[in-house]
Amino acid sequence: YRNASWGKRRTFNIRCSALTYAKRDEVVAFYTAAIGQQVTYIDSENRSWTGVFVAAPVITDNGDCKCAIAFTFRGVPA
């Protein structure tokens with residue numbers, strides 16, 4: 001049961017791991033281009049969400065030429 005008056009907005013903490021440096025750069029370029037723009041995110045249950053990135057990405061170098069990137073997305077069902 002879901003009361004219609006409850007908010008539908010949801011925040012996702014998304015992490016992409018085992019990225020090569022080239023893929024990391026592609027993700028950062030996409031993120032940079034999408035700042036302030038509405039984007040669509042499809043979650044692990046194949047649901048579409050429309051929203052925006054709400055925090056700067058956090059990039060981690062895992063060694064062995066692999067990186068991880070984490071960012072926050074806030075949206076509503078599309």
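Computed from a predicted structure; not experimentally measured. Counting begins at 1 with the first residue of the sequence.
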**Asked** Do other residues, nucleotides or ligands put more than 12 heavy atoms under 6.0 Å from the CD1 atom of Ile42?
**Response**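 No, not enclosed.
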**Request:** Side-chain contact test, heavy atoms from C-beta onward, threshold under 4.5 Å: evaluate it for Asp43 versus Tyr41 and give yes or no.
**Result:**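 Contact flag for Asp43/Tyr41 side chains = yes.
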Side-chain donor-acceptor pairs of residues 12-20 under 3.5 Å, sequence neighbours excluded:
unit_1 : atom_1 : unit_2 : atom_2 : d
Asn13  : OD1    : Thr72  : OG1    : 3.2
Thr20  : OG1    : Lys23  : N      : 3.1

**Prompt:** Can any side-chain N or O of Asp64 pair as donor or acceptor with the backbone N or O of Lys66 at less than 3.5 Å?
**Reply:**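 Not confirmed, Asp64 side chain does not pair with Lys66 backbone.
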**Request:** Mind checking ring pair (Phe, Tyr, Trp, His ring centres under 6.0 Å) for Tyr21 and listing every partner two or more places apart, or none if nothing turns up?
**Result:**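 Applying ring pair (Phe, Tyr, Trp, His ring centres under 6.0 Å) to Tyr21 gives none.
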Closest contact, heavy atoms only, [X] versus [Y]:
{"X": "Val52", "Y": "Gln37", "answer": "CG1-O, 3.6 Å"}
{"X": "Trp49", "Y": "Arg10", "answer": "CZ3-CB, 3.7 Å"}
{"X": "Tyr31", "Y": "Pro57", "answer": "CE2-CD, 3.2 Å"}

Assigning hydrophobic clusters by single linkage (Ile, Leu, Val, Met, Phe, Trp, Tyr; side-chain heavy-atom cutoff under 4.5 Å), is [X] placed with [Y]?
{"X": "Phe53", "Y": "Ile69", "answer": "yes"}
{"X": "Ile35", "Y": "Val54", "answer": "no"}
{"X": "Phe71", "Y": "Phe30", "answer": "yes"}

